[in-house]
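Naming: A, B, ... by sequence-line order, numbering from 1 per chain.
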Amino acid sequence: MKALRNYIDKIKPTFQKGGKLEALHSTFEAFETFLFVPNKVTTVGAHIRDAIDMKRTMSVVVMALMPALLFGMWNVGYQHALSTGAVMTFWEVFLYGFIKVFPIIAVSYIVGLGIEFAFAQSRKHEVNEGFLVTGMLIPLIVPADIPLWMVAIATAFAVVIGKEVFGGTGMNIFNPALLARAFLFFAYPSYMSGDKIWVSGMIKGEGIVDGFSGATPLANAAAHHMDKIPSTWDMFIGTIPGSIGETSTLAILIGALFLIITGIGSWKIMLSTVLGGLSIGFLFNIFAVNPFMEIPAWHHLIMGGFAFGAVFMATDPVSGAQTEKGKWIYGFLIGFFAVLVRVLNPAYPEGMMLSILLMNAFAPLIDHYIIEASIRRRHKRAAIAANNR
Amino acid sequence: MSQKVEKEPLFSSKNVKLITDPINVTNPVTVLVLGICSALAVTVKLKPAFVMALSVIAVTILANVITSALRKGIPPRIRIIVQLVVVAALVILVDEVLKAFVYDVSKQLSVFVGLIITNCIIMGRIEAFALGNKPWPSALDGLGNGIGYGVILIVVAFFRELLGSGTLWDYQVIPDSFFIKNGGFYENNGLFILPPMALILVGVIIWIQRSWKRQLVEKN
């Protein structure tokens, strides 16, 4: 450790003003702060010093994603084994999934960080850590068989159009990872929707067991094939077809617990999203004009990407609502619209992505009115106090 | 010989600027942000975009010239109506010409030819320029703005058609063997067919233009 510190201190002048590699200043800075806690102190204004900086925050979220990722890798292999009828041991299954998933993660990080570094150099600011989470989220919300170049393009689109255009990390209106998914969804629909793409190896269609359907529970529900929906237990554990990281509600819950305990993710947004989804679910149960409306409201929470979106996407502190009351409204409407889109729009079996993006757009407006209301309330209180004097 | 030249040459530097400025620093689409709706609607393919650009160029020039010629006789209170009549007449002419000579493109453009009437660029140039200038500069101004609009339209359409359909001017550019269904690796990007991508492309053009022409960047 000491040697590393000494080495970094030795090469530091090369990257500082006047040094040979001054242009790569921000790259150096990124690696230095990645290895060691920065000892920089703010010189102007009042500030609170906290042990947790953006890099630590991001690392916590990435750690919270690990259960979903590991389960996702296993499930990719498991679904493949199911579809081909192959008998595979646990490690073979996991290895299959790992080989499928790892390249997606690598591509997402290489492309995204590459663009981040390039922008940081050209704009002469430090490399922002925001992409650490985005780069992990993108692989988790795509199907395992997606061509890698599509991942690369979507990542580039998300980073450039979703983030850098607005000024980089912390300035974006929309969640970049979801933007990448939305891009893929509209650009290459045949690789992002349908019955064949969710199980690895099914597009080629070789050696698929007779009668095996790769349709996700949501697709089955949307098509009113109620008998084909897997058991509640399967959907909760996550042994169902779907995007890599979204299937296991259990793994996501572990991540959610981790986020809540460390205080990184907002439990208000998670809870209100669930409440929103449940409320519209119950409403559908009351009317119940088609079989999809009849499924128990809480089934929506364990199907598709609802849990994943609620825990990891909606709670994005940049694109979500900032005010405490606003978080309740924001989360509730996400859940509400997600289930609404799912049930009522046959073109989009999964509404979570669209509803979070929609509410991302409205989050500043919600915050604005919450702040206005509280200003007005205080004015009123001040006026009453002045009258009583 | 030393007598001052009273008549300005037809292509004096001031007049040339009337054409070149709208193509770049006062571009109606990227700087004034006018005429966006049609830029989104007709740019899926290169051919309709090109025809649309030509139509708008023709209408802006003629509308500018006619209004400029009439400018002393138009009572200010009813000038908008007069302008509308002029533009509407020209648009109907353009529509008839398109129907006669390029029927298939005319069908693709459908309602958007008629909607040239509401294209803000045309009304904007008449109000801002033709009502206060002589016919010849007005014609040049119309030409410049029409080209400025057309250039953006064609650039956007170029990328949308190439990446969205794999064709240019309806000719297959990306070889068939590249596509996944034929054993390749490539797939057309469906997002480029959808209007939002046109908006994003226009945004990217604005971005590029402003990092090139720094004076266009708004303060704050």
| field | Heavy atoms from other residues, nucleotides or ligands near CZ of A/F362 exceed 12 (cutoff 6.0 Å) | value | no

| query | Counting a contact as any heavy-atom pair under 4.5 Å apart, which residues of residues 204-213 of chain B contact chain A? | reply | B/V204, B/W207

| Could you give the distance from CZ (A/F186) to CD1 (B/I193), rounded to the nearest 0.5 Å? | 14.0 Å

| Side chain, backbone, both or neither: which part of B/Y186 has a non-hydrogen atom closer than 4.5 Å to chain A? | both

| Part of A/F185 lying under 4.5 Å from any heavy atom of chain B | neither

| query | Can you tell me if CZ on A/F102 sees more than 12 non-hydrogen neighbours from other groups inside 6.0 Å? | reply | no

| Crowded around B/I81 CD1? As in, over 12 foreign heavy atoms under 6.0 Å? | no

| Are A/Y188 and B/N188 side-chain neighbours, meaning at least one heavy-atom pair lies under 4.5 Å? | no

| query | Got a second to check how far A/I153's CD1 is from B/N189's CG, nearest 0.5 Å? | reply | 7.0 Å

